[in-house]
Amino acid sequence: MYIDENLIEKLKKEQINLSKKLKLKDKKTLDEIKLVAGIDTTFTNIWENPTTAISCIVVLDIEDNFKEVEIVFAEKIIDFPYIPTFLAYRELPVILETYKKLKTKPDAFLVDGMGIIHPRKMGIASHFGVVTDEISVGVGKSKLVGKFEMPENKKFSYKPVYVDGELRGYVVRTKKNANPVFVSPGNNISVESSLKLVLKCVDKYKLPEPTRRAHNYLQKYRREKIDKN
DNA sequence: GCGACAG
DNA sequence: ATCTTGTCGC
C-alpha cells in the first residue's frame, strides 16, 4: 500500500478526533485491577508488504503469582507500512481480531508501544483504548517523542516524560542494568496510575509480565509456523 | 535546513 | 519488528 501526503493528513485528523475521546481519569482503582492482559504483535516477514501479522493476548492474574488465565492468538494479512506515529494503522487490525477471541474480561491491557507519549496523544495503546473503551497502558521499549532525563541505574527509579510541555508519562527502570521503558496512559487511566500499574506487573525481568509473556508465546508460535513451511 | 522517529 | 551464538560485564 502506497501512502501519500493526503492520506497522512487525513490520518492525522482522525487521530486528533480520536484524541478528543480520551479519558485520562481512573475508571478503576488499582485494587480493582486484578486481571491484566499483555498484547504483542509480530510478523512473518517484516520486509514484504503485504505480510502476515500475528498477535497474542495473555491474561494474567496479578494477585495470584501472575497465573495465566487465558491466551489467544490471531493472524491477519496487513498492508500498511510502519510509519512513526501511525503504528496503530499497521497493528491495530490484528490486535482487535485477537481481542474479539477473549472469553475473559481483563481489568486492564498493557500494549507494547506508546500511549499518550505521542505528538497527538494517539499512540497504539491509546488508539486501542479509545476504540474498545478498555483501560489501557502503553509500554514502549524506546523513545518516540518527548523530553526527559535518564533515570538512575536502579530498579524502579523513573523520570517524567514531557510532550508539548505536558506530563505524558514516565521513563522507568524496570530492571537494573537494562534500558528503561516508556510508560504512559492509553485510555481510562491516569498518568500516575499507569505508572503504578506497570510497576505492579514487573517481576524479575525488564518487561512487565503480561507483555513479556505475550512476546514469548508469539516467538514460539512464529517459529513453529515457519518450521511447517 | 537538519536530524529524530513506538513496532 | 527480524536475521543469530557466543561472549563480555554488572
Side-chain angles (χ1 to χ4, degrees), chain A residues 1 3 8 11-12 15 18-19 38-57 73 75-96 98 109-129 136-148 151-155 157 161-164 168-187 194 198 204-208 211-212 214-227 229:
Chain A
M1 172 173 201
I3 280 69
I8 292 294
L11 297 183
K12 276 186 187 170
Q15 288 181 325
L18 282 171
S19 73
I39 305 181
D40 194 21
T41 304
T42 191
F43 304 87
T44 54
N45 186 335
I46 55 171
W47 299 285
E48 67 182 19
N49 248 301
T51 185
T52 301
I54 310 164
S55 185
C56 175
I57 299 181
F73 295 90
E75 290 184 28
K76 191 173 177 60
I77 292 180
I78 55 161
D79 186 23
F80 195 97
Y82 167 68
I83 304 172
T85 75
F86 297 99
L87 179 64
Y89 294 95
R90 177 168 168 80
E91 298 192 352
L92 198 56
V94 214
I95 290 176
L96 292 177
T98 320
F109 293 76
L110 301 189
V111 184
D112 75 322
M114 299 306 197
I116 62 171
I117 301 181
H118 179 282
R120 295 167 291 281
K121 303 188 185 182
M122 266 295 138
I124 189 165
S126 297
H127 203 134
F128 170 83
S136 63
V137 173
V139 181
K141 296 182 288 294
S142 61
K143 174 197 174 180
L144 173 61
V145 289
K147 295 175 68 176
F148 59 91
E152 306 100 280
N153 185 14
K154 188 171 144 190
K155 187 170 181 174
S157 63
V161 177
Y162 299 93
V163 178
D164 293 336
R168 298 284 185 87
Y170 296 93
V171 224
V172 188
R173 188 83 65 176
T174 48
K175 180 177 163 61
K176 193 181 177 185
N177 296 321
N179 289 326
V181 297
F182 293 76
V183 176
S184 60
N187 195 30
S194 57
V198 168
K204 297 175 176 178
Y205 307 95
K206 168 176 167 172
L207 294 180
T211 306
R212 191 181 74 85
H215 186 79
N216 288 165
Y217 279 119
L218 267 185
Q219 300 310 317
K220 196 176 302 177
Y221 182 104
R222 184 177 183 277
R223 63 158 206 254
E224 283 169 5
K225 180 187 173 75
I226 289 177
D227 283 347
N229 306 342

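Throughout, a chain's letter reflects where its sequence line sits, starting with A, and its residues are numbered from 1.
- Between the P atom of dC5(B) and the CD1 atom of Ile117(A) lies a distance of 14 Å, rounded to the nearest Å.
- The distance between atom OH of Tyr221(A) and atom C1' of dT2(C), rounded to the nearest whole Å, is 18 Å.
- Using a 5.5 Å limit on the distance between ring centres and a 30° limit on the angle between planes, the aromatic ring of Tyr82(A) does not count as stacked on the six-membered base ring of dA1(C).
- Across all strands shown, Arg223(A) has no heavy atoms under 4.0 Å from either base or sugar-phosphate atoms.
- The CG-C1' distance, from Leu87(A) to dG7(B), rounds to 5 Å in whole Å.
- No contact: Glu48(A) has no heavy atom under 4.0 Å from any strand.
- Shown are Ile117(A), Leu110(A), Val137(A); of these, the side-chain contact (heavy atoms from CB on, under 4.5 Å) with Val183(A) is made only by Val137(A).
- The side chain of Arg168(A) places no N or O atom within less than 4.0 Å of a non-bridging phosphate oxygen (OP1 or OP2) of dA6(B).
- If you take CD1 of Ile95(A) and C1' of dA6(B), they are 12 Å apart, rounded to a whole angstrom.
- Interatomic distance, CZ of Arg120(A) versus CZ of Phe86(A), reported as 4.5 Å (0.5 Å rounding).
- Residue Thr42(A) is the one, among Asn177(A) and Thr42(A), whose nearest nucleotide of DNA chain C lies closer to the 5' end (criterion: closest heavy atom).
- Between His118(A) atom NE2 and dG7(B) atom P there is a gap of 13 Å when expressed in whole angstrom units.
- A cation-pi arrangement, defined by a distance under 6.0 Å to the six-membered ring centre and an angle within 45 degrees of its axis, is absent between Arg168(A) and Phe148(A).
- Nucleic acid contact class of Asn153(A) (heavy atoms, under 4.0 Å, all strands): none.
- Regarding contacts with the backbone of dG7(B), a side-chain N or O of Lys141(A) is found under 4.0 angstrom from either OP1 or OP2.
- Counting any heavy atom pair closer than 4.0 Å across all strands shown, Phe86(A) reaches a base atom.
- Looking at heavy-atom distances under 4.0 Å, Gly140(A) makes contact with sugar-phosphate atoms alone, never a base.
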